[in-house]
Amino acid sequence: MSALKRLISAACSSLVMLLLLVVLGSLMTSPTGVTANTEHVTVQSPDTGIAASGFTVPHEGSYQTKESRITIRLNDAVSIHAVVREPIGASGARPACLFLHGAGTGDSSEVYGDVASAMASAGIVTLVPDKRLDNYSTLHRDYPQMAEDYGRSFDTLKHWPGVDAQKTGLYAESEGTWISSIITANRKDVAFSILTSAPVVSGRQQMTMAASTYFADSGAPRSLINDVPKLTSMDFSALGLEYANFDSTPYLSKLTQPVLVNYGTGDLSMPIEQGAQTILNQTASAGNSNVTVRYYPANHQMRTGSHLSRPGLPLESSYTRNLEDWINSVTMGATASDWSTPMIAGAQPSQRYSAPTSVSPGLISSLGVLLTLLGLALGASVLCGLCAAGVGINSRIRSRGRRSQQEESGRLPGFGQGIAAPLTLLVSLSTLSLLATLWYVGSSAVQALSLHHASVAFSGVWTMLRVAAIILVLLFGWLCSSVIAGIGHGNRSSAQIRQDIRIAHGSGHQAVVLLGLVASVLVMISLAFWGLYTL
């Protein structure tokens, strides 16, 4: 084959591969990607204070407090510990608040202590239970069952001495707001509901938005951000994780009691504007207008000093005081028309991306398929490497031996000598590129979650990986032209080709040719998988 024909063959093969990658990449992309948030909340005042006309309430620090450690029986086999904090010397039946945990573990003696104690000092009895952990893990979470468990703690609090059962409500953060929404939908005896850092949407939708925001905030390239929905839209049922699809929105339409919504403007993981708007819309559909929204210059846990959730950070200075003033006002009977402070107030929020209203997978629809393709891609590189080594050894052995008359006439395919170089280069670069891509994505995730902005040099690695993808496509074209040249060496008749095959079969070279063809297909699979994420 002439040099020009080889060049044309290589160019055509490269073009076909490039088009294949573009098509597959398009098919793989989730049709419900992440878009910029354009529906913004307008705060009516920067002051987060909460007050109702005609109501005089006890403020934080009005009472000394005491703690009681108790045990709550959830069922015949499971009991948990809990901490009750209450005001000393407060007259009359008191309002009360049950605390629901967010994600992770929750020991009643280690969480919510400052918030619950502050409430108690304002005359509110609080109960912080342990989180039940025997049926709670990273892979499995049953929110309706958790709602039943918290319901038993709620009943304990309602019947606590000095508590007014008609003025007992809920405080929930983050994941706990999904659980509290189930409780308020199923029970009519919840006096009020406080939703802090509420995801509102399903975990899959929230994670899609959060991961995109974290990557963008760390300076990750746009193409990498676009890859997030490809992963978060997949079916993770092989691992469990069914709870990722839990949607609390239908429960919110049954929120008929007074509601307080709190978000930190420094919280990158939550839909801080979209979430509040959804709650307002859902409660309005239930005829409930007594919904107060507050935004604080704080993180996910309403603490200041860092966007990250770190131990020892102080609560936002006005947060607990506003909680107590709101609870004492609504339990005294304050309605939507009684508030002398704005319904939406605080720091101006800015949500970068909207959580998608639905998340549909692309071509690769499950984690199992993804892991299989990844394993196949890495395995293909290994097999192709072995094949390249075999081709090279075969070529060297034949070059050292005496060439037969048939070889000298050029009738034996020159495949072994032509394929070794492009196959070796392609295998080496595709393997390194795959590993480099996995490292880069993993490192980017670590930087994003740590809220570290990527350096210019680190950001440039993504460009280098994309350049490597183009080089891989060109190498694949070279490999294809070498295969074609090896199989179709010279202008031979069908009789000559059959003779060549018999000779190749006798020398073992035919097996190397077939291995080379199989290796070429495996390299294409490996290259296609990797290119989906870079081109």
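Quick note: residue numbers are just sequence positions, from 1.
Salt-bridge annotation for R352 and D217: present, with a side-chain N of the basic residue lying under 4.0 Å from a carboxylate O of the acidic one. One finds a salt bridge joining D155 and R187 here, because a Lys/Arg side-chain nitrogen approaches an Asp/Glu carboxylate oxygen to under 4.0 Å.
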### Task
Show your reasoning for whether side-chain hydrogen bond (donor to acceptor under 3.5 Å, both in side chains) applies to T320 and E60.
CA-CA 8 Å; T320 54; E60 186 172 308; 2.7 Å; yes
#### Entry: Trace of the side-chain hydrogen bond (donor to acceptor under 3.5 Å, both in side chains) decision for S202 with D247
CA-CA 5 Å; S202 73; D247 185 6; over 6 Å; no
### Task
For I50 and L260, run side-chain contact (heavy atoms from CB on, under 4.5 Å): C-alpha distance rounded to whole Å, both residues' side-chain angles, the deciding distance at 0.1 Å, then the answer.
CA-CA 11 Å; I50 297 176; L260 174 60; 4.1 Å; yes
### Task
Walk me through it: do S318 and E316 pass the test side-chain hydrogen bond (donor to acceptor under 3.5 Å, both in side chains)?
CA-CA 6 Å; S318 61; E316 200 281 333; 2.8 Å; yes
### Message
Does Y251 form a side-chain contact (heavy atoms from CB on, under 4.5 Å) with Y143? I'd like the steps, not just the answer.
### Response
CA-CA 12 Å; Y251 298 99; Y143 294 127; over 6 Å; no
### Task
Report the C-alpha distance between R132 and D142 in whole Å, list the side-chain angles of each, state the deciding distance to 0.1 Å, and finish with yes or no for salt bridge (Lys or Arg N to Asp or Glu O under 4.0 Å).
CA-CA 11 Å; R132 180 180 175 182; D142 187 341; over 6 Å; no
### Task
Walk me through it: do K254 and Q282 pass the test side-chain contact (heavy atoms from CB on, under 4.5 Å)?
CA-CA 8 Å; K254 298 180 181 180; Q282 292 296 313; over 6 Å; no
### Task
Take S108 and V83, measure what side-chain contact (heavy atoms from CB on, under 4.5 Å) needs, and give me the verdict at the end.
CA-CA 6 Å; S108 57; V83 178; 3.8 Å; yes
### Task
Take N37 and S354 through the test side-chain hydrogen bond (donor to acceptor under 3.5 Å, both in side chains) and record every step on the way to the result.
CA-CA 5 Å; N37 179 51; S354 293; 3.1 Å; yes
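Without hydrogens or angle criteria, Q351 side chain to Q274 main chain gives a donor-acceptor distance under 3.5 Å. Of the possible polar contacts, one joining the T341 side chain to the A51 backbone as a donor-acceptor pair under 3.5 Å is found. The closest donor-acceptor contact from the side chain of N299 to the backbone of S306 lies under 3.5 Å. The backbone N or O of E175 sits nowhere less than 3.5 Å from a side-chain atom of H101 that would complete a donor-acceptor pair. Between the side chain of K131 and the backbone N or O of G102 there is at least one donor-acceptor pair closer than 3.5 Å. Listed for the N288 side chain is a donor-acceptor partner under 3.5 Å among the backbone atoms of Q257. In this structure, E324 contributes its side chain and H59 its backbone to no donor-acceptor pair below 3.5 Å. Looking only at distances, a side-chain donor or acceptor of T283 sits under 3.5 Å from a matching main-chain atom of I279. The backbone N or O of N75 sits nowhere less than 3.5 Å from a side-chain atom of R152 that would complete a donor-acceptor pair. With hydrogens and angles disregarded, no donor-acceptor distance shorter than 3.5 Å links the side chain of R141 to the backbone of Y136.
Contact of the D114 side chain with the R303 side chain is registered, since non-hydrogen atoms from C-beta on lie closer than 4.5 Å. With a 4.5 Å cut-off on side-chain heavy atoms, Y353 and P271 do not count as touching. Within the 4.5 Å cutoff, no side-chain heavy atoms of T331 are placed close to those of D164. Contact annotation: the side chain of F154 approaches that of L170 to within less than 4.5 Å [non-hydrogen atoms, C-beta and beyond]. I80 has its side chain out of reach of T71: every pair of non-hydrogen atoms, C-beta onward, lies at least 4.5 Å apart. Under the 4.5 Å side-chain criterion, counting only non-hydrogen atoms from C-beta, L315 is in contact with V115. No side-chain heavy atom of T42 sits less than 4.5 Å from a side-chain heavy atom of I344.
Using modelled atom types, one finds no donor on one side chain facing an acceptor on the other under 3.5 Å when comparing N281 with T278. The closest side-chain donor-acceptor pair between E173 and Y171 falls under 3.5 angstrom. In the model, T335 has no side-chain atom that pairs as donor or acceptor with a side-chain atom of N290 under 3.5 Å.
Applying the 6.0 Å contact sphere to NE2 of H81 captures no more than 12 heavy atoms from other residues, nucleotides or ligands. Enclosure of atom CD in Q64 is not indicated, since only 12 or fewer non-hydrogen atoms of other residues, nucleotides or ligands lie within 6.0 angstrom. The 12-atom threshold is exceeded at CD of Q44, counting heavy atoms of other residues, nucleotides or ligands nearer than 6.0 Å.
From I272, atom CD1 reaches atom OH of Y296 across 14.0 Å, with rounding to the nearest 0.5 Å. To the nearest 0.5 angstrom, D325 atom CG is 9.0 Å from L323 atom CG. To the nearest 0.5 Å, the span separating CG on D130 from CG on D149 amounts to 12.0 Å. Rounding to the nearest 0.5 Å gives a distance of 8.5 Å between CD1 of I183 and OH of Y150. Rounding to the nearest 0.5 Å gives a distance of 9.0 Å between CG of N186 and CD of E148. Rounding to the nearest 0.5 Å gives a distance of 6.0 Å between OG of S153 and CG of L74.
Taking every heavy atom of both residues into account, G275 and Y263 meet most closely at CA-OH, 3.5 Å. Across every non-hydrogen atom of S181 and L252, the tightest pair is CB-CD2, 4.1 Å. Residues L157 and V163 come closest through the heavy atom pair O-CG1, 3.4 Å. The minimum heavy-atom distance linking S212 with V34 is given by the pair OG-CG2, 3.4 Å. In terms of heavy atoms, E39 sits closest to Q277 at O-NE2, 3.2 Å. The nearest pair of heavy atoms linking D267 to S269 is OD1-OG, 2.7 Å.
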For residues 84-100, run the donor-acceptor check on the side chains, cut-off 3.5 Å, and write out each pair with its distance to 0.1 Å, sequence neighbours left out.
residue: R85; atom: NE; partner: E67; partner atom: OE2; Å: 3.2
residue: R85; atom: NE; partner: S117; partner atom: OG; Å: 3.3
residue: E86; atom: OE1; partner: W160; partner atom: NE1; Å: 3.3
residue: E86; atom: OE2; partner: W160; partner atom: NE1; Å: 3.3
residue: R94; atom: NE; partner: G123; partner atom: O; Å: 3.0
residue: R94; atom: NH1; partner: S91; partner atom: O; Å: 3.0
residue: R94; atom: NH2; partner: G123; partner atom: O; Å: 3.3

In a table with atom names and distances, give each donor-acceptor pair under 3.5 Å that connects a side chain of residues 192-201 to protein atoms at least two apart or in another chain.
residue: T196; atom: OG1; partner: N262; partner atom: ND2; Å: 3.1
residue: T196; atom: OG1; partner: Y319; partner atom: OH; Å: 2.8
residue: S197; atom: OG; partner: H300; partner atom: O; Å: 2.5

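In this structure, D107 has no salt bridge (Lys or Arg N to Asp or Glu O under 4.0 Å) partners at least two apart in sequence or on a different chain.
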